[in-house]
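As structure tokens, the structure follows; a few thoughts come after it.
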Amino acid sequence: MRARDKAAVSALRGTLAALDNAEAVPVEAVPRAGALEASPVGAGATEAARRELGEHDVVGIVRAEASERLEAAAQLTAPAHAARAERLRAEAAVLLRFLAGAEDTDEIAEDTDEDVAADA
């Protein structure tokens with residue numbers, strides 16, 4: 001972000017917002033209070049725990065965000081929208097590069113786990 005790469009900043013902010021939305025508690029899960037005297041009291045009594053996303057969920061959301069950007073860029077065929085389409089492709093490339101880096105890290109971790117198991 002310090003390099004002021006606007007495409008990367010935009011892609012990462014949008015993806016973080018999508019991840020934050022995915023962690024939100026579904027509306028059906030929030031208990032409804034009846035009468036005022038039956039409602040919970042105290043600090044945090046009305047708070048609901050957010051969902052926890054697994055690694056597979058996060059990867060799926062990041063892939064979906066990249067896919068959305070590529071689809072939107074494909075729909076922008078008019079010459080007037082060429083700059084916007086190129087920016088969307090650049091944002092998708094940032095997300096796909098992030099996913100490729102995460103997969104490389106997973107492979108390194110798996111190799112390390114196999115080495116540790118072999119040494120034992």
Side-chain angles (χ1 to χ4, degrees):
M1 287 190 198
R2 290 181 186 234
R4 299 189 189 254
D5 184 358
K6 290 182 180 182
V9 170
S10 177
L12 293 174
R13 283 185 177 159
T15 304
L16 286 173
L19 290 169
D20 195 38
N21 288 340
E23 291 176 338
V25 178
V27 176
E28 309 84 49
V30 177
R32 300 282 180 212
L36 181 60
E37 55 275 353
S39 63
V41 293
T46 59
E47 296 293 319
R50 295 179 64 82
R51 290 180 36 206
E52 290 192 29
L53 300 176
E55 185 176 339
H56 181 68
D57 298 326
V58 172
V59 168
I61 291 169
V62 174
R63 278 198 179 118
E65 287 292 309
S67 176
E68 279 181 29
R69 284 167 171 75
L70 291 173
E71 289 173 13
Q75 292 177 356
L76 296 173
T77 57
H81 299 295
R84 177 70 179 142
E86 185 57 37
R87 184 171 174 157
L88 287 169
R89 284 188 202 95
E91 290 178 14
V94 167
L95 296 175
L96 293 173
R97 196 171 41 226
F98 173 75
L99 286 175
E103 290 172 358
D104 292 342
T105 303
D106 290 343
E107 290 174 8
I108 292 170
E110 288 174 5
D111 291 343
T112 304
D113 291 342
E114 289 172 3
D115 293 340
V116 169
D119 291 341

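All residue numbers in this chain count up from 1 along the given sequence.
Under the rule for a side chain to side chain donor-acceptor pair (under 3.5 Å), Asn21 has no partner lying at least two apart in sequence or in another chain. Applying the salt bridge (Lys or Arg N to Asp or Glu O under 4.0 Å) rule to Arg63 yields the partners Glu103; only residues at least two apart in sequence or on another chain are considered. The salt bridge (Lys or Arg N to Asp or Glu O under 4.0 Å) search around Glu71 returns none, not counting sequence neighbours.
With hydrophobic clusters built from ILVMFWY side chains whose heavy atoms lie under 4.5 angstrom apart, Leu99 shares a cluster with Leu19. By the criterion of side-chain heavy atoms lying less than 4.5 angstrom apart, applied directly or through intervening Ile, Leu, Val, Met, Phe, Trp or Tyr residues, Leu95 is grouped together with Leu53 in one hydrophobic cluster.
Rounded to the nearest 0.5 Å, atoms CZ (Arg69) and CZ (Arg89) are 14.0 Å apart. Thr15 contributes atom OG1, which lies 9.0 Å from atom CD of Glu68 (distance to the nearest 0.5 angstrom). Taking CD from Glu91 and CG from Leu70, the interatomic distance works out to 10.5 Å, rounded to the nearest 0.5 Å.
A donor-acceptor distance shorter than 3.5 angstrom exists from the side chain of Arg50 to the backbone of Asp20, with no hydrogens or angles considered.
Counting only heavy atoms from C-beta outward, the side chains of Val94 and Arg97 approach each other to under 4.5 Å. Arg87 has its side chain within reach of Lys6: a pair of non-hydrogen atoms, C-beta onward, lies under 4.5 Å apart.
For the residue pair Ala7 and Ala90, the shortest heavy atom distance occurs at CB-CB, 3.8 Å.
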